[in-house]
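The figures that follow rest on heavy atoms only: side chains count, while hydrogens, waters and symmetry mates do not. Letters go in sequence order (proteins before strands), and every chain restarts at 1. Keep in mind that what you see is a predicted model, and the values were worked out from it rather than measured.
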Amino acid sequence: MSESRPYRRPIDPKWWWAPGPYRAYTLRELSGVAVALYGAVLFAGLICLVSGPMAWDSFLGFLRSPVSIVLHLVLLAGVVYHVKTWFETLPKTMPKMIVNGKQVPATEITRKAQMVAAGCSLVLVVIAAWAFR
Amino acid sequence: MPDVALAAKTVQLKVLRYRPGQDAEPSYGTFEVPYTDDMSVLQALQTIKDELDSSLSFRWSCRMAVCGSCGMMINGTPKLACNTFLRNLPKGPVTVEPLNNFPIERDLVVSVGDFVKKIESIYPYIIPKTPKTVEEGPYLQTPAQMAAYESFSDCINCMLCYAACPQFGENPAFIGPGAMALLQRYNGDSRDGGQQKRLDTIHGEDGVWSCTAVGVCSEVCPKQVDPANAINQNKTNSAFDFFLRFVRKDAR
Amino acid sequence: MDHFDADVLIVGAGGAGLRAAIAVAEADPSLTVALVSKVLPMRSHTVAAEGGSAGVIQSTDSLEAHFHDTVAGGDWLCEQDVVEFFVSRSTPEMIQLEHWGCPWNRKPDGNINVRAFGGMKIERTWFAADRSGFHILHTLFQTSTKFPSIKRFDEYFCVDLIVDDGRAQGATVLSPVTGAFTAITARSVILATGGAGRVFRQNTNGGVVTGDGMALAYRHGVPLRDMEFMQYHPTCMPGTGLLFTEACRGEGGHLVNKDGYRYLQDYGLGPVTPEPRNKTMELGPRDRLSQAFWHESQKGRTFETPGGDAVWLDLRHLGAAKIKERLPLIREMAIEFMDIDPALGQIPVRPAVHYTMGGVPTDIRTATSLPGLYAAGECASSGIHGANRLGSNSLAELFVFGHVAGDEAVKFSRGVSASDSGKLIDQAKASAAKALSLRDQKGGGERHAVLRKEMALTMEKGCGIYRDAAGMQATCDKLAELKRRYREVTLEDKSAVWNTDWVTALELGYELDVAEAVAASALARRESRGAHQRLDGYENRDDAHFLAHSLATYREAAAPEISYGPVKITTSQPAVRAYGALGEALEAKKDAAHA
């Protein structure tokens, strides 16, 4: 009879909150909730719009309330964090980019993609500001 | 190697010990090891074995971070002991444990058999697109074609990525990052024609779909192989394959 | 005791062992191969080979040129028929590896690229960055998994061969995982266990390179050949001995002393040229470069480091991009181990033991003097390296002779029947009992770690780059003492599972036997040739007396007996071995004579 008796250590049930990259991963995934909530707010606005002017006015009233402004600031922070980390994850999910026989480094893909995203956001803000001037 | 008795400076190592013949479960052993500036964690362990306690077991060989033997948890992070230097670690005791997520056979030695089986399961060899005899000479492969798979071929099978992967911890049957990097190494090779065969091995929960893109596997990789990329690319491939199988010519 | 019956047993799963296993599986899939390795195959020391593997491929090159470089590089102690065979079979093996997926470096058009190497007239070193051995080993291991007839015994340690009826018929192996032994019986046995560099203190070798196969054959009456020729590689990390590949110089790196002077020009290797020139300066052979270092050190033109004196390896002029592309591992090692970015700073280097030129003598078809026993790779003395191996010939050797060994083992296995298995298993039981007794004996309190250090130190002292009779005699005496003390070893660890205390003690037994063969062979060779250089009145090559292979024969409890065997000369008569300007002049003269 062999003495061999491999021992399996239990995995840490709170691994997702372990400091460092694991916590960063959990925060990244959680920040996705902010994106969903933004979508829900927009969707609610749409429903109000089709329900008639009274509903629409009360929706606008809600948007101007301090609760809504605080909520939007929190959601904006969550979405910005999600956008930033989403593009950091992007190079891990796509085939290697080979340009002139050399692999494009992940950091460069992330940087360029983030710049494009920031540019697009800026254009949208400018268009919106122009439309509601 | 420095003499234990004469050493001016020492460092404390807290090593997780497990001797199945005598221990019911692992517990820490503490060693005072003479410290020099150029000392790796591996050298510290060798000093313990040679001069303090010869019953401490761990794997090692090349000492230069290419054979992949000496992966272990150092202060809680999976690292190669041979290229982790004491001078670069925070002051205070250094904790050394066997790699997370693997059964411990003894001390710092973990079971590697399952990992090797996973490597073997993904057809880790060229399945030639166009067979050729040696007399016909080498295949042509441009540097750009090589770049498509080259980084995945740098994997030294050290298993640090598995120790970093919580999903492998939860599901030991998960194919895991290292084997997926190897799969992508062959799937991305211009000489290879075995992509479909390999893809068929990675559908399902034990295939790519256990991965939730935590991504720490790529962060701990000592060779910048980026196994997270290999897995996530193949989620896309696996998903496409799921739908395309209905229209594929050779579909069963 | 467990018993496994195979047709072919291969001990060692590095480059040679894996190549042999695939050869057997391809030649006859009905034959069972037992492939035993004391580590996972991809941990084998082939993994650490950096620079590349030689094979003629350029249109300007020729098999004759590779032959002449090898024979002259070996100071004419090569078996010339074997070298002829080797150079002709090398390139097909490289192509085979390419077909199996080895990521050889390519030219822009997709063809194979080759680099310059020391002592080679024309660029013929195939390379995969500076991780050639790593890529080759993983390619071979992964390819081997496609053959179901290869039954691997990963992490099994070989404690003895089984020899019956005058031929090799298997081995007794120990599984550290359980502490249990297995008798593996087979019709033929291939040794592919690698070299013995760990018997020296500063060496480039992994912990596994302990001469196991050499000692196994040696104890069964097979002599060890040319063991005095231990190669010092000139560019290693002081202290650890880790290797900075010859490709550093192949790509154009310089060696300079503490005054910034390219000192090799003082040792018959000049002239200094703006561009690297083959067989000149830094592209001279390893023995000459290590010897030049020794002289520089004697002259006080080296500098001190905690790991011994050193010179500078200067890669800065290659530029960061080229270093990253061609020498990524070297760059990583310099940065991680020494905090030096080679694009910005010079790397301190000194010679360290790298390669065992000698080993188990084989004929051109890898057969040893024991029927049924074959040997390939560093553990073998096939005769291609002579007194000094050229860089990039050793990787090629693995595949050429691994392949042949596989083919020959198949033929032999088909032609013989097994002895009574009960008898073979009894022999295995006796070997197991002997190995167990080392673990369990009370002993006299000797610690094997202490003995190992003393062995490595005395080898370095007496059998270093330059040698004299007094030093070598002192080493022989010291080794005899260590062997006596080895019998008094007491292990602290008596357990069964993963008892590495026990396995390393068994390895030390192998190392001491091999070390003794090295020292005794060195003492007996009263001349200077290749890697064996003497200072005590034997400073020159003496073809009249020593154009001969040394053979060390094992004797129980006594120093080995040294005898000599002939060297096979075919087309290259021994001549002056010169590099640099003199070498070029002599070659021009020879070419003119031919014309």
Side-chain angles (χ1 to χ4, degrees), chain A residues 1-36 81-114, chain B residues 16 18-26 76-77 97-106 109-111 113 142-152 164-170 172 184 188 211-220 224 226-237:
Chain A
M1 215 16 225
S2 165
E3 287 173 9
S4 180
R5 198 161 47 82
Y7 183 90
R8 195 175 266 285
R9 277 197 293 172
I11 82 154
D12 177 8
K14 287 214 200 76
W15 64 261
W16 50 271
W17 202 242
Y22 297 102
R23 191 175 295 178
Y25 155 77
T26 304
L27 289 175
R28 183 186 87 209
E29 298 294 303
L30 272 179
S31 65
V33 174
V35 180
Y81 182 75
H82 194 76
V83 168
K84 176 180 172 285
T85 53
W86 195 88
F87 285 112
E88 281 166 4
T89 313
L90 175 73
K92 289 202 188 346
T93 61
M94 53 186 268
K96 302 262 174 213
M97 265 175 85
I98 313 287
V99 176
N100 295 329
K102 293 254 190 303
Q103 192 184 316
V104 182
T107 45
E108 201 176 315
I109 296 174
T110 298
R111 203 169 47 87
K112 295 233 162 100
Q114 282 172 340
Chain B
L16 194 69
Y18 172 62
R19 286 147 295 187
Q22 62 182 81
D23 302 337
E25 56 181 41
T77 305
E97 300 161 288
L99 282 180
N100 274 354
N101 303 334
F102 290 95
I104 307 169
E105 293 192 350
R106 169 175 174 163
V109 177
V110 297
S111 305
T142 62
Q145 286 172 321
M146 230 172 107
Y149 72 90
E150 199 185 7
S151 61
F152 295 120
C165 175
Q167 305 305 349
F168 172 66
E170 303 274 6
Q184 192 54 34
C211 172
T212 58
V214 180
V216 189
C217 52
S218 290
E219 288 183 34
V220 301
Q224 292 83 48
D226 201 359
N229 175 275
I231 304 185
N232 285 290
Q233 274 194 57
N234 279 292
K235 281 185 193 163
T236 318
N237 296 341

Minimum heavy-atom separation for A/Tyr22 to B/Pro166, with atom names?
-> CE2-CD, 3.9 Å
Any donor-acceptor N/O pair, B/Asn232 side chain to A/Met94 backbone, under 3.5 Å | no
Flag the pair A/Arg8 / B/Asn101 as yes when at least one side-chain heavy-atom distance between them is below 4.5 Å, and no otherwise.
-> no
With a 4.5 Å heavy-atom cut-off, do A/Arg9 and B/Pro98 have their side chains touching?
-> yes
Under a 4.5 Å cut-off applied to non-hydrogen side-chain atoms, are A/Ile11 and B/Glu170 in contact?
-> yes
Validation row: A/Tyr7, B/Asp23 side chains within 4.5 angstrom (heavy atoms) | no
Give, for atom CD of B/Gln167 and atom CH2 of A/Trp15, the distance between the pair rounded to the nearest 0.5 Å.
-> 5.0 Å
Is chain B contacted by the side chain of A/Pro10, its backbone, both, or neither, given a heavy-atom distance below 4.5 Å?
-> neither
Measure distances from B/Thr142 to the heavy atoms of chain A and classify the residue's part below 4.5 Å as side chain, backbone, both or neither.
-> neither
Straight-line distance of A/Gln103 CD to B/Met146 CE, nearest 0.5 Å = 12.0 Å
Where on B/Glu150 is there a heavy atom nearer than 4.5 Å to chain A: the side chain, the backbone, both, or neither?
-> neither
What part of B/Asp226 gets closer than 4.5 Å to chain A, counting heavy atoms only: side chain, backbone, both or neither?
-> side chain
Atom group of B/Asn234 that falls short of 4.5 Å from chain A, counting heavy atoms | neither
Below 4.5 Å, heavy atoms only, C-beta onward: do A/Lys96 and B/Ser151 meet side chain to side chain?
-> yes
Between B/Ile231, B/Asn237, B/Thr212, which residue shows the highest count of heavy-atom pairs closer than 4.5 Å to chain A?
-> B/Thr212
Heavy atoms, side chains only, cut-off 4.5 Å: are A/Lys92 and B/Gln233 in contact?
-> no
When A/Pro21 is tested against each of B/Val214, B/Thr77, B/Val216, B/Val220 for side-chain contact (heavy atoms from CB on, under 4.5 Å), which residue passes?
-> B/Val216
Note: A/Arg5-B/Glu105 ion pair, threshold 4.0 Å (strictly below) | no
Most heavy-atom pairs under 4.5 angstrom with chain A, which of B/Lys235, B/Gln145, B/Glu97?
-> B/Glu97
Chain A contact via B/Pro227 - side chain, backbone, both or neither, heavy atoms under 4.5 Å | neither
Check each atom of B/Phe152 against the heavy atoms of chain A and say whether the ones under 4.5 Å are side chain, backbone, both or neither.
-> side chain
Picking from B/Ala213, B/Gly188, B/Pro143, B/Gly76, which has the most non-hydrogen pairs under 4.5 angstrom with chain A?
-> B/Ala213
Contact leader toward chain A among B/Gly21, B/Ser111, B/Pro26, B/Ala228, where contacts are heavy-atom pairs under 4.5 Å = B/Pro26
